[in-house]
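Scroll down for the structure; my scribbles are underneath it.
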Amino acid sequence: MNDDATSFLPLSPATLHILLSLAADDLHGYGIMQEVARQSEGQYKLGPGTLYDNLQRLIRQQWVEELGRRSGDDDPRRRYYRLTSFGRGVLAAETTRLAGVVREARLRLQMAKPQIPKPRRA
Amino acid sequence: MLRSLYRCLLRLHPPGFRRRFGDEMLSIFDQAAGKAVACRLLGDGLVSLARQWGLRPEFWDGISPAPTPQTACDGIPSFATIDPFRPRTTAVIHGLVLSTAVFCLTCFAIRYSWIHVLHVHIPEVQFESPPVIEASAAPPAMPEEPAVPSRQKTRAKNDAPGPFRVPSAAKNKAPSPPPASTVPQSETTGATPAPRGLAVYALAQAVPAAVATKNRAVQIPAPANSKSQEDSGASPGPESPHAGTMPPAPVEDVKIDAAERRRVVDGAIANLEKYYVYPDVAHRMANSLHAHEKNGDDAAAMDGAAFADLLTSQMRNVSHDRYVMMVYDSTKKPENPPPPTSEEVARYRKEMLENNCTFEKIQILPHNIGYLKFNSFPDTAICGPAAAAAMAKLNQADAIIFDLRDNPGGYSNMVALIATYLFDHPTHLNDFYNRGENSTEESWTLPPVSGNRLADKPAFVLTSCSTFSAAESFSYDLKMLKRATLVGETTSGRGHMGMGHRIDDHFTIRVPGIRVVNPISKTNWEGTGVEPDVKVKAGDALATAERLAARELAKK
């Protein structure tokens, strides 16, 4: 599964945040938006248009599945979404990729020395 | 307010998306606190709307699972679905706009360019259906419209105008029609000798260079049979029914022997000498036919059609007249074809009236320019009221354009009737010299129509290389009288009128026997055609004439 999942990488920020928000629990759309805002500490705000545009694509790709409405919810219009195992695999692969990127970035930044600009010829 | 706006936005989304996520998005909107957030959501909705319609055509109808290659039990992959590919909407819209723009530009360039690379005639758009003109539709300005024929009656010079193509000489001798010397109306009705024959004859004339064909002979209008036959000495065969009115005569296997050839040549010579417009040319043709026959040049022609073609080419080689023609018909031609039945006349009349007498377009163009396109000069006895009504419709115009580009001619009485509207006094248009009778008939416009306002208005005539016969006469007469500006192409060049003379059961000779003589130029346009004043391609003639007319009106 992971081999297939890597072919979809890298993920767009919206996709990554949506998958990430669904990783812990099943959420409805508004919940996803709130979770994304929380995860990014308010730096990344997802509008409903972008959210549902991504969701319809993720459902089609079968990374996310729709669970339908839940009884007893505050708003009966809400539908819940869940990460599929394949979606989870993709998220895991992206996390691994990002970890590599972060590791590499840290390494490079530690090794980096201040550069002295070469004198230019007139 | 903002909520309903947002709701509208959601409703405008593609149905698949709207059904699936519309409620949820509205629910999120409902939880938004403050106007600022609501406005931001509205903006988000707008972007979403554009995105869904513009970039997500695959989701318009709903979310279907992505096609995945499925593996069958035996390990052979099977491909079960076809990817529902649709071009992007933006691409479709761009393509539509671009192709429309290119099409419009091309049409515009063809229509208005002065560089005539493509000679494509783009007809003007007609926004109204061809008007059906009833007698009652004529405005009160023309109270005497129905009296058109009676005006003709009163004019002595016009006492026998006759149809342009069927000379009155023939009509006078035709066995059954009413006497030609009575009134023009009854004369022309009688001369409809052939509603059908006339129409087909016009067709035959429209292809002047065509060689004799077997069927052509049937189409010639009733000639002065008895007379020509007496002259040629041919013995009339037994009567056979007229091909048009009764079942076709049986085809006879005619053997062309020396005697038959001599008889046909003698008949041709007699008819040429008697009827052909130029006696000296007729004489030279006769000598040539005689010489060829004597030399045995005709012996090679064993069948009738070939013999007719041979004689035609012999006559044309001398005369250079493409309208002189020997015609062979394998079916027997009756000596005296029966006159048209009343049903045929009625059918012809009905056809003409149904087609608005070929008055195809009667319009007022920009700058109040009247435009009349008519595709024949029908008999005034039938179409006089239609013509008067057409002219009445254009009576308030400041200039008038007659479009004769598709006009193959017709009756001289209609030429005179339409020309009447351009003059405030009776005007001499033409003389018709009949060689067979050695007589000349004058054609004049009718007395001015009361209430007519076109007599002093600029007039233009559009011509093409298809403008023929009476249509050429109309153009030529107005040009000679300096009453109209001709715009278009040089016309066909048919200034003589011919008719068929029966030689025997199978051979008929068509001899141009009536010559139009213009009183001003003392000649006509036979062979040369009528030169336009402004020479442009026929397809550009209307636009050019419109420009000229507008310029002329601006001067005033």
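Below, read A as the first sequence line, B as the second, and so on, with proteins coming before strands; counting in each chain starts at 1.
Among the residues in residues 94-107 of chain A, none has a non-hydrogen atom closer than 4.5 angstrom to a non-hydrogen atom of chain B. For residues 20-53 of chain A, a heavy-atom distance under 4.5 Å to chain B picks out A/Gly29, A/Tyr30, A/Met33, A/Gly47, A/Pro48, A/Gly49, A/Thr50, A/Tyr52, A/Asp53, given by residue number.
Per-residue counts of heavy-atom pairs under 4.5 Å with chain A were compared for B/Leu26, B/Leu10, B/Val47; the largest is that of B/Leu26. Per-residue heavy-atom pair counts under 4.5 Å with chain A were compared for B/Asp23, B/Leu46, B/Leu55, and the maximum is reached by B/Asp23.
Here the shortest heavy-atom pairing between B/Gln52 and A/Gln56 reads OE1-NE2, 2.8 Å. Shown here for B/Phe59 and A/Arg57, the closest heavy-atom pair between the two residues is CZ-CA, 3.9 Å.
If you take CD1 on A/Ile59 and CZ on B/Phe21, they are separated by 4.5 Å, rounding to the nearest 0.5 Å.
Not a single side-chain hydrogen bond (donor to acceptor under 3.5 Å, both in side chains) links A/Arg69 to another residue, sequence neighbours left out.
Salt bridge B/Asp30/A/Arg77: present, at least one basic N to carboxylate O contact under 4.0 Å. A salt bridge links B/Arg20 with A/Glu66: the distance from a Lys NZ or Arg NE/NH1/NH2 to an Asp or Glu carboxylate oxygen falls below 4.0 Å.
Residue pairs satisfying the side-chain hydrogen bond (donor to acceptor under 3.5 Å, both in side chains) criterion with at least one member in residues 38-49 of chain B, sequence neighbours excluded, are listed as follows: B/His13-B/Ser48.
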